[in-house]
There are 2 protein chains.
Amino acid sequence: METAKHLLTPRDLAEAIGASESSVRRWVDNGQIHIARTAGGHRRIPVGEAVRFIRRMGLIVVHPEKLGLRNWPSDRGADIGAADMDQPLYAALLAGDAPLARGLILSAFLAGGSLGNLLDGPVRLSLHRLGELWQHDSRGILVEHRAIEIARGILNELQGLLPATADGAALAVGGAPEGDPYVLPSQMAGLVLQECGYRAINFGANTPVELVTEWAIERRAELLWVSLTAPIDVEVLRQTLGEVAVRLDSQGCALVVGGRHAGEVVDPADRGRVHHADSMAELARFAKSRLAKKFSD
Amino acid sequence: METAKHLLTPRDLAEAIGASESSVRRWVDNGQIHIARTAGGHRRIPVGEAVRFIRRMGLIVVHPEKLGLRNWPSDRGADIGAADMDQPLYAALLAGDAPLARGLILSAFLAGGSLGNLLDGPVRLSLHRLGELWQHDSRGILVEHRAIEIARGILNELQGLLPATADGAALAVGGAPEGDPYVLPSQMAGLVLQECGYRAINFGANTPVELVTEWAIERRAELLWVSLTAPIDVEVLRQTLGEVAVRLDSQGCALVVGGRHAGEVVDPADRGRVHHADSMAELARFAKSRLAKKFSD
DNA sequence: GGTCAATTCAACCAAATCATTCATAGCTGC
DNA sequence: GCAGCTATGAATGATTTGGTTGAATTGACC
C-alpha cells in the first residue's frame with residue numbers, strides 16, 4: 001500500500017506531466033518551481049506547489065496517479081473536496097450538462113479522493129437521487145437515462161486515466177446478473193478493480209452468473225464480482241450464488257457480491273465463500289487484501 | 001513497450017502527415033491546431049486535437065504509428081480501408097482485444113471516411129456476427145457482452161474526437177424504445193447526428209417513445225430518432241409511432257426510425273411523417289438534408 | 001546501528017525545438 | 001506573361017529538452 005505523499009520527487013512530477021526528470025530539475029533550479037530539500041540535498045516538491053506550477057503553465061497531466069494526490073484525506077489543498085461535490089454534480093447531471101459533470105468528476109479525480117470514495121460519494125448519491133425522480137414526474141426517467149449516458153462516458157474516460165494494468169496482472173471478471181439491466185454499478189466495479197491492479201473484464205448488465213463463473217474458472221480468474229441493483233428474484237439468485245461459490249472457491253477465485261440488494265442474496269450459510277461489499281471502497285479494500293495475500297504466499 | 005503518447009511534438013505530427021515542421025508550427029500559431037505548451041515554451045499537441053485537425057483538413061496520414069494509434073502489427077498493407085476492416089475488427093472484438101479494436105476503428109476514422117460508412121460497415125458487421133455466436137455456444141453471450149462494452153468505450157472516444165457542436169445547433173433526441181435493451185445502435189445514431197452538426201441527446205435503451213416525444217416538443221427538438229433492434233411488439237409500437245408522428249410533425253420535428261426491425265413498424269399510412277433509415281449513412285443523409293432545408297428557409 | 005538496492009544528485013552533451021528570416025512554388029486577377 | 005498574394009519548406013543561431021555519467025543520498029530491511 002502506498003502511503004499518501006505530501007512531497008513529490010522530481011521524477012514523480014516529470015512522469016505526471018510527461019516531461020523528463022532533467023527538465024523538472026532545471027525548472028526547479030530556475031526558480032519556476034519552489035521546493036524543499038532533504039538533509040542530503042535531494043529535491044522534494046510539495047504537491048500544492050506542483051499543482052500550482054501545472055496550473056500556471058497550463059500543462060496537461062498525463063499520469064495523474066503519479067502525483068499521489070489520491071488516497072488523501074480530503075482536508076485542504078484539493079480544489080474540490082468530494083464532500084462538497086454531490087450537490088453541483090447532481091445539478092449538472094440533472095441539467096444534462098455533460099461538460100460540467102465531466103469537469104467536476106475529473107477535477108475530483110485529479111485533485112484528491114480515492115476512486116472508491118468518489119464513486120461511493122458524489123457519483124452514487126447523485127445517480128441515486130436522479131433515480132427517484134420518476135416517482136414525481138414520469139419525465140424523470142428521461143433525466144435519469146440521460147444522466148446515465150453521461151456518467152458512462154465519464155467513467156470510460158476515467159478508465160483511460162488509470163495506469164495500464166501489467167501483463168501478468170490477476171484477472172477479475174464480473175457483471176450484473178440476468179434480469180438486472182443496470183450497467184453503471186458493474187462498470188464502476190470494473191474501474192475500481194482495475195485501479196487495484198487487476199485486469200478487469202466487465203460483461204455489463206444482464207449477464208447470467210453461471211456463464212461468468214465458467215469463464216472465470218476457465219481463464220483462472222482470481223475474482224468474480226456480481227453487481228446487483230435491480231430487485232430481481234432473490235431466492236433464485238441466492239441459490240445460484242451458493243452453488244457457484246463452491247466451484248469458484250475450489251479454484252481459488254473469490255466471489256464478491258455488491259449493490260443495493262446484495263445483503264439479501266447472501267446466504268448466511270455461504271459466509272466465507274460469498275463475500276459482500278457494501279460500497280466501492282469496500283470492494284477495493286477486499287480486492288487489495290486479496291492481492292496482498294496472494295503475494296505473501 | 002512504449003506507453004501510449006498523449007502529447008505529440010510538432011515533428012511527430014509533421015512526420016505523420018508528411019508535412020514540414022514549419023507548416024505545423026504555422027498552423028498552430030494560426031489557431032488551426034489547439035495546443036499545450038511545456039514550461040519552456042515548446043509546443044505539445046494532444047492526439048485528439050491532431051485527429052480533429054487531420055480530419056477537418058482531409059489530410060492523408062502517411063505514418064499513423066507516429067500518432068501512437070496503431071498498436072497492431074502492421075503486417076498488412078499500410079492502409080486498411082474500411083472495406084477490408086471487418087475481418088480484423090471482428091477478430092479483435094472476438095478476442096476481447098480492446099486496444100486492437102480501438103486502433104482499428106480510430107485509424108479508419110482518421111482516414112477520413114464518413115462516420116456513417118464506418119459504423120454501417122465493419123462495426124455493424126462485426127457486432128452482428130458476434131450477436132449470433134450464442135446460438136452455437138452459450139458462452140457466446142459473454143463474448144458479445146464484452147465486445148459491446150469495448151465498442152461502447154470506443155464510440156465514446158469517437159464522440160470526443162468530433163468537432164464540438166455549435167451553441168445554436170439544432171437539437172436531436174432519441175433512444176431505443178421501451179423493451180429494447182440494445183444500447184449501441186442508439187449511441188451510434190447520436191454520434192452520427194452529432195457529426196452532422198446536431199446537438200444530440202441520447203437517452204439510451206428502454207426509453208418510452210411517448211416521453212421522448214414530449215421532451216422533444218418542449219425543447220423544440222428538430223429531430224427524434226427511434227432505434228429499434230429487439231423484436232418487440234410491432235403492433236403497439238406502430239400505433240404509438242403513428243400517434244406521436246402527428247404531434248411531432250405539427251411542431252416541425254422530424255421522426256426517424258431505424259434499426260433491424262424498423263421496416264415492420266412504419267405504417268404505410270404514416271409515410272411522410274415517419275421516416276425510415278436503414279443505415280447510419282442514410283440517417284446522416286436525411287439529417288443533413290433536413291438541416292439544409294432549414295437553412296434555405 | 002548497519003547493509004544494500006533503488007533513487008536522486010550535479011554536470012555534461014547530443015538532439016530537438018524555438019522564433020525568425022528567406023526562398024520557392026502555386027494561384028488569382030489583370 | 002506578370003505583379004501580387006498566400007502557402008509551404010528550408011535555413012539560421014539561440015534555447016529547451018532529454019538522456020547519460022559516476023558519486024551521493026534515501027528508504028527499507030535486517
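So you know, we letter chains A, B, ... as the sequences are listed, proteins then strands, and number each from 1.
- The number of heavy atoms from other shown groups lying within 6.0 Å of CZ (R220(A)) does not exceed 12.
- Remark: R25(A) in residues 18-26 of chain A come within less than 4.0 Å of DNA chain C through at least one heavy atom.
- Put simply, chain A comes within 4.0 Å of DNA chain D, heavy atom to any atom, from dT17(D) to dG27(D), going 5' to 3'.
- Using a cut-off of 4.0 Å between Lys/Arg side-chain N and Asp/Glu carboxylate O, E157(A) and R102(A) are scored as salt-bridged.
- At least one donor-acceptor pair under 3.5 Å links the side chain of Y198(A) to the backbone N or O of A287(A).
- Contacts of R52(B) classified as salt bridge (Lys or Arg N to Asp or Glu O under 4.0 Å), with partners at least two apart in sequence or in another chain: E49(B).
- Just one of P88(A), P99(A), P122(A) meets the side-chain contact (heavy atoms from CB on, under 4.5 Å) condition when paired with L104(A); it is P88(A).
- Relative ring orientation between F53(B) and W27(B) is described as tilted, the plane-to-plane angle lying within the 30° to 60° band.
- The span of DNA chain C lying next to chain B, judged by atoms under 4.0 Å from heavy atoms, is bounded 5' to 3' by dA16(C) to dA19(C).
- Bending across the helix from dG1(C)-dC30(D) to dC30(C)-dG1(D), expressed as the angle between its end axes from five pairs apiece, amounts to 40° (10° rounding).
- Under the salt bridge (Lys or Arg N to Asp or Glu O under 4.0 Å) criterion, R55(B) pairs with E195(B), sequence neighbours left out.
- The stretch residues 28-46 of chain A touches DNA chain C through R37(A), G41(A), H42(A), R43(A), R44(A), each having a heavy atom under 4.0 angstrom from the strand.
- Residues passing the salt bridge (Lys or Arg N to Asp or Glu O under 4.0 Å) test with R152(B), sequence neighbours excluded: E149(B).
- Here CG of L158(B) is found 9.5 Å from CD of Q187(B). Values are rounded to the nearest 0.5 Å.
- With rounding to the nearest 0.5 angstrom, the CG atom of L13(A) is 5.0 Å from the CD1 atom of I33(A).
- The side chain to side chain donor-acceptor pair (under 3.5 Å) search around R199(A) returns none, not counting sequence neighbours.
- Judged by distance alone, the side chain of D12(B) and the main-chain N or O of K66(B) form no donor-acceptor pair under 3.5 Å.
- Every side chain to side chain donor-acceptor pair (under 3.5 Å) that R11(B) has, sequence neighbours left out, goes to E21(B).
- The side chain to side chain donor-acceptor pair (under 3.5 Å) analysis of residues 33-47 of chain A, with sequence neighbours excluded, yields the pairs D29(A)-R43(A).
- Annotation: side chain to side chain donor-acceptor pair (under 3.5 Å) contacts of S23(B) (sequence neighbours excluded): S20(B).
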